[in-house]
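A short worksheet on the structure shown next.
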Amino acid sequence: MNFIEQIVEDDLANQIHEGRVHTRFPPEPNGYLHIGHAKSICLNFGLADTYGGQTNLRFDDTNPVTEDTEYVDSIKADVRWLGFDWENEFYASDYFDTLYAFAETLIQKGLAYVDDSTAEEIAVQKGNPSEPGQESPYRNRSVEENLELFRQMRAGAFGDGAKVLRAKVDMASPNMHFRDPIIYRIKHAHHHRTGDAWCIYPMYDFAHGQSDSIEKITHSICTLEFIPHRPLYDWFIEKLAIFPSKQYEMARLNLTYTVMSKRKLLQLVHEGHVTGWDDPRMPTISGLRRRGYTPESIREFCERIGVAKRENMIDVGLLEFCIREELNRTTDRVMAVLDENPIRLVITNYPDGQTETMHIENNPEDPSSGAREVPFSREVYVERDDFMEIPPKKYFRLAPGQMVRLKGAYIVRCDEVVKDADGTVTQLNCTYIPESRSGSDTSGINVKGTIHWVSVAHAKEAEVRLYDRLFQVEDPSSEEGNFKEYINPNSLQVIRAKVEPNLGQRQIGDRVQFIRKGYFAVDQDSTADLLVFNRTVTLKDSWKK
RNA sequence: AGCCCGAUAGUAUAAGGGUAGUACGACAGAUUUUGGUUCUGUUUGUCUAGGUUCGAAUCCUGGUCGGGCUACCA
């Protein structure tokens, strides 16, 4: 049980809200969701699920300048894809009237004032953490004057930045957020939902907690950086005498070899370091989806990383473990030779022109998956990596004089190596053992190595995109200089490959295991003529030369 | 400097005063027609100094280290 669940159970035991649990997931629609959001989504929806509560999806859309419906749509699609359904779909902008009324209430109580100071002046007034701030010269305007001014602000009488509404709290507080925080600012900007109805917009601190309260949220979960905001959150709720939602903070997710801030991800997209928010190298939900990750694997990951207050850096290997674990159970095995120009293996004692149909099991982990037919003939492609002219001691693959099994077919022995003018190996002449046919092997020969292959006469061409980590260092954000200096220049390698003919039936999004190579998903760029595969993750490889 | 948060194997995360456990990783072995999977085993930990207590990872105090706070962003 994590500490949040502990709090919920305590509250339940104490009948805090008549045993009601109501959470919310509050994204700002100014970017795509990433794996860090998935942690929050799983926690919030998971809590409601575990304790019989509800979860609202609420867009925190109080800054029209950066927000857009494109993001609203992608966020909804991503949450659904992750497997969650919200009780209500709300927008902070739904509450603009209420929030405005709250502001007037505060003014009337003498707890807010209109300030004509500039941003710079306000910054100076705030002082610094070790010294108290100074009061604004406008701090003691009368209630009537403040009301009048605020109404004029709303009516559009002033330009952007001319005035702000500030809460009157405590300019000497050691908590900087208490030093008369700005709660409304003037922005003559078009809002993606309210259009031009407003020219003043509430700040986060004057919108989030109140929205929670309006929705009667019982447990409002956010990340650690909001801890200093909590006293303010409580202060507004107390002064406004509204439903007492409570805020709890957990550590955000950090993953090795990537960045997780929306600002940085936005840069990667806008500056073309990746192809878009859904680039398979991105830690976004849409990127992971395109990469071949499943919702189940992401939920499993979120389950395993836990929830706590200490800052953490999760090894991306754990995410990979989660997807391998699922794909191992669920995907068909197929053969693909991932080489631009693979080695041609010629079986000299196999009849020219003959084709045999091999029946190869789809998934040894799942007997119900059945078998498929794979054509075998005299010439097959094999991986360049599966041959070494001078092999090290424990090399189980092809080498002069060495025998291997061609997966699902015969055992062959390498007799002769053919090279081109540059000395590059182009062909291996082999002989096969006729009695070693898979499933009816009477040869009595035991080979250590089994390799995959694709019949030359039947092979289909495919494009394969091999992805590696986007960054070369574990924590790009903590390194010297700009994080972009640490982008991995080899994070994407696009190659042509030879694949089994029956792969032509696959649809976009389908996942397979290329035997001995990894898990791959059919990309949306696939056409009728050319399948495109994204490598989701490699297989574990315990072979060390 | 002031205030706030945190500290348990390499990485995460449990243990609510009573045997420090789990997962991932790493290493070793077994099985294997994927050097995959599976199975078995091994490895490594309570930041520090005091205090309270029969007993402290847990409670208290000081220190150390890490992080946050001084946007008309959220």
Side-chain angles (χ1 to χ4, degrees), chain A residues 1-2 6 10 26-28 30 60-63 65-67 92 115 117-119 122-124 126-133 160-166 173-179 181-187 200-201 203-205 207-208 222-231 249 251 256 262-263 303-315 317-322 324-325 328-329 333 335 360-361 363-365 394-397 404-409 411 436 438-439 441 446-452 474 513-518 538-544:
Chain A
M1 197 190 315
N2 63 55
Q6 186 63 254
D10 289 348
E28 183 190 9
N30 68 345
D60 219 343
D61 55 351
T62 57
N63 185 2
V65 184
T66 57
E67 296 155 5
D115 195 335
S117 305
T118 63
I122 289 177
V124 171
K126 286 217 171 182
N128 62 61
S130 52
E131 289 167 39
D160 287 6
K163 288 179 167 47
V164 292
L165 183 69
R166 286 227 255 174
S173 172
N175 181 340
M176 298 301 286
H177 298 277
F178 263 25
R179 320 251 264 224
I182 293 168
I183 59 181
Y184 261 95
R185 76 287 216 192
I186 300 170
K187 270 183 197 281
I200 58 172
Y201 293 93
M203 297 288 289
Y204 168 86
D205 285 312
H208 200 102
C222 60
T223 45
L224 259 26
E225 65 268 29
F226 291 99
I227 289 178
H229 294 251
R230 186 178 354 115
E249 311 86 9
T256 55
K262 272 199 270 187
R263 201 191 98 255
E303 190 63 37
R304 284 175 180 263
I305 57 176
V307 177
K309 298 190 75 161
R310 122 182 49 151
E311 314 223 347
N312 58 77
M313 175 64 73
I314 307 285
D315 189 339
L318 183 62
L319 217 209
E320 296 177 341
F321 167 83
C322 292
R324 282 195 192 103
E325 184 188 44
N328 173 55
R329 279 197 325 265
R333 274 60 169 163
M335 296 194 285
I360 305 181
E361 63 184 344
N363 185 351
E365 304 299 315
K394 288 210 170 167
Y395 187 76
F396 300 149
R397 289 110 92 162
V404 297
R405 173 173 294 280
L406 296 176
K407 171 74 183 176
I411 293 174
S436 68
S438 223
D441 186 349
N446 246 328
V447 291
K448 296 286 279 187
T450 297
I451 65 172
H452 57 280
E474 282 203 353
Q513 181 196 107
F514 286 163
I515 287 189
R516 302 208 303 135
K517 288 313 221 179
T538 61
L539 254 29
K540 260 178 73 179
D541 184 5
S542 60
W543 185 68
K544 49 225 174 285

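Values in this document were obtained by computation on a predicted structure and should not be read as measured data. Below, read A as the first sequence line, B as the second, and so on, with proteins coming before strands; counting in each chain starts at 1.
Across the protein-nucleic acid pair, A/N128 atom CG and B/C69 atom C1' stand 12 Å apart, rounded to whole Å. One can place NZ of A/K309 at 18 Å from C1' of B/A14, the figure rounded to the nearest angstrom. Distance A/M1 CE to B/A14 P: 11 Å, rounded to the nearest Å. Between A/L539 atom CG and B/U37 atom C1' the separation is 9 Å, expressed in whole Å. The nearest whole Å value for the distance from the CG atom in A/N30 to the C1' atom in B/A74 is 7 Å. Atom-to-atom, CD1 of A/I360 to C1' of B/G36 comes out at 16 Å; the value is rounded to the nearest Å. Following rounding to the nearest Å, A/R166 (CZ) and B/C72 (P) show an atom-to-atom distance of 9 Å. If you measure from atom CZ of A/F396 to atom P of B/U33, you get 13 Å, rounded to the nearest angstrom.
Judged by distance alone, the side chain of A/D61 and the main-chain N or O of A/A92 form a donor-acceptor pair under 3.5 Å. Judged by distance alone, the side chain of A/N363 and the main-chain N or O of A/R329 form a donor-acceptor pair under 3.5 Å.
At a threshold of 4.0 angstrom between heavy atoms, the contacts of A/N2 are confined to the sugar-phosphate backbone, with no base atom among them. Among the atoms of the strands shown, none is found under 4.0 Å from any heavy atom of A/E131. Using a 4.0 Å heavy-atom distance criterion, A/G408 is classed as a base contact. Contacts of A/H177 with the nucleic acid, taken as non-hydrogen atoms under 4.0 Å apart, involve only primed sugar atoms and P, OP1 or OP2. Base contact: A/E365 has a heavy atom under 4.0 Å from a base atom. Contacts of A/V447 with the nucleic acid, taken as non-hydrogen atoms under 4.0 Å apart, are absent. Contact annotation for A/T538: no contact, since no heavy-atom pair falls under 4.0 Å across all strands. When heavy atoms are screened at a 4.0 angstrom cut-off, A/F226 is found touching base atoms of the nucleic acid. Residue contacts for A/R397: at a heavy-atom cut-off of 4.0 Å it reaches a base atom on one of the strands shown. Base engagement by A/G439 is indicated by at least one non-hydrogen atom pair under 4.0 Å involving a base atom. Within the nucleic acid shown, A/K394 comes within 4.0 Å of at least one base atom, counting heavy atoms only. Within the nucleic acid shown, A/A119 comes within 4.0 Å of at least one base atom, counting heavy atoms only. At the heavy-atom level, A/I515 lies under 4.0 Å from base atoms of the strands shown. Note on A/P364: a base of the nucleic acid sits closer than 4.0 angstrom, heavy atoms only.
Listed nucleotides: B/A74, B/G2, B/U33. Nearest to the side chain of A/D60: B/A74. Nearest nucleotide to the side chain of A/I305, out of B/C3, B/A12, B/A74: B/A12. Here B/U34 is the nucleotide among B/U33, B/U34, B/C72 with the atom lying nearest to any side-chain atom of A/R516. Out of B/A12, B/U33, B/G36, the shortest distance to the side chain of A/M313 is found at B/A12. Comparing B/C69, B/U37, B/G35 by their nearest atom to the side chain of A/N328 picks out B/U37. The side chain of A/Y395 lies closest to B/G35 when the candidates are B/U37, B/U70, B/G35. Set against B/C72, B/G35, B/A74, the side chain of A/N63 has B/A74 as its closest nucleotide. The nucleotide whose nearest atom lies closest to any side-chain atom of A/V164 is, among B/U34, B/G35, B/C72, B/C72. Nearest nucleotide to the A/K407 side chain, out of B/U70, B/A74, B/U33: B/U33.
In this structure, CG on A/N328 lies 11.0 Å from NZ on A/K540, to the nearest 0.5 angstrom. Here the CD1 atom belonging to A/I182 is positioned 6.0 Å from the CE atom belonging to A/M203, to the nearest 0.5 angstrom. If you take CD1 on A/I515 and OG1 on A/T450, they are separated by 9.5 Å, rounding to the nearest 0.5 Å. The structure places CG of A/D541 at 9.5 Å from CZ of A/R516, a figure rounded to the nearest 0.5 Å. Atoms CZ and CG, on A/R185 and A/L165 in that order, are 12.5 Å from each other to the nearest 0.5 Å. Rounding to the nearest 0.5 Å gives a distance of 12.5 Å between OG1 of A/T118 and NZ of A/K163.
Ranked by how close their nearest RNA chain B nucleotide is to the 5' end, A/M176 and A/P129 are led by A/P129. The 5' end of RNA chain B is approached more closely, in terms of each residue's nearest nucleotide, by A/A251 than by the other of A/I451 and A/A251.
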Between A/H208 and A/T62, is a side-chain contact (heavy atoms from CB on, under 4.5 Å) present by the stated rule, with each step listed? CA-CA 9 Å; A/H208 200 102; A/T62 57; over 6 Å; no
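In the model, A/R405 has no side-chain atom that pairs as donor or acceptor with a side-chain atom of A/N446 under 3.5 Å. For the 3.5 Å distance criterion, the side chains of A/S173 and A/N175 fail to qualify, holding no donor opposite an acceptor.
On the C1' atoms, B/G25 is 15 Å away from B/G45, given to the nearest whole Å. Rounded to a whole angstrom, the distance from the P atom of B/G68 to that of B/G50 is 32 Å. Spacing of C1' atoms, B/U19 relative to B/U58, comes out at 15 Å, to the nearest Å. For the P atom pair drawn from B/A14 and B/A9, the interatomic distance equals 13 Å after rounding to whole Å. Going from the C1' atom of B/U8 to that of B/C47 covers 10 Å, rounded to whole Å.
More than 12 heavy atoms of other shown residues, nucleotides or ligands fall within 6.0 angstrom of atom CD in A/E225.
Between B/C3 and A/S130, no contact under 4.0 Å exists linking OP1 or OP2 to a side-chain N or O. Between A/R310 and the phosphate of B/U8, there is a side-chain N or O to OP1/OP2 separation shorter than 4.0 Å. Considering only side-chain N and O atoms, A/T62 lies nowhere under 4.0 angstrom from the phosphate OP1 or OP2 of B/C73. The phosphate of B/C73 (OP1 or OP2) has no side-chain N or O of A/K262 nearer than 4.0 angstrom. Between A/R185 and B/C73 there is a side-chain polar atom (N or O) within less than 4.0 angstrom of OP1 or OP2.
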Pairing of RNA chain B as dot-bracket, 5' to 3': ( ) intra-strand, [ ] crossing, | other strand, . unpaired, with Watson-Crick or G-U pairs under 3.5 Å? .((((((..((((....[..)))).(((((.......)))))....(((((..]....))))))))))).....
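Aromatic ring orientation, A/Y204 versus A/H229: perpendicular (interplanar angle above 60°, classes split at 30° and 60°).
Pairing each heavy atom of A/A251 with each of A/R310, the nearest pair is CB-O, 3.2 Å.
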Polar-atom pairs under 3.5 Å, protein N or O versus N or O of nucleotides 23-26 of chain B: list them with distances, or write none.
unit_1	atom_1	unit_2	atom_2	d
B/A23	O2'	A/R304	NH1	2.4

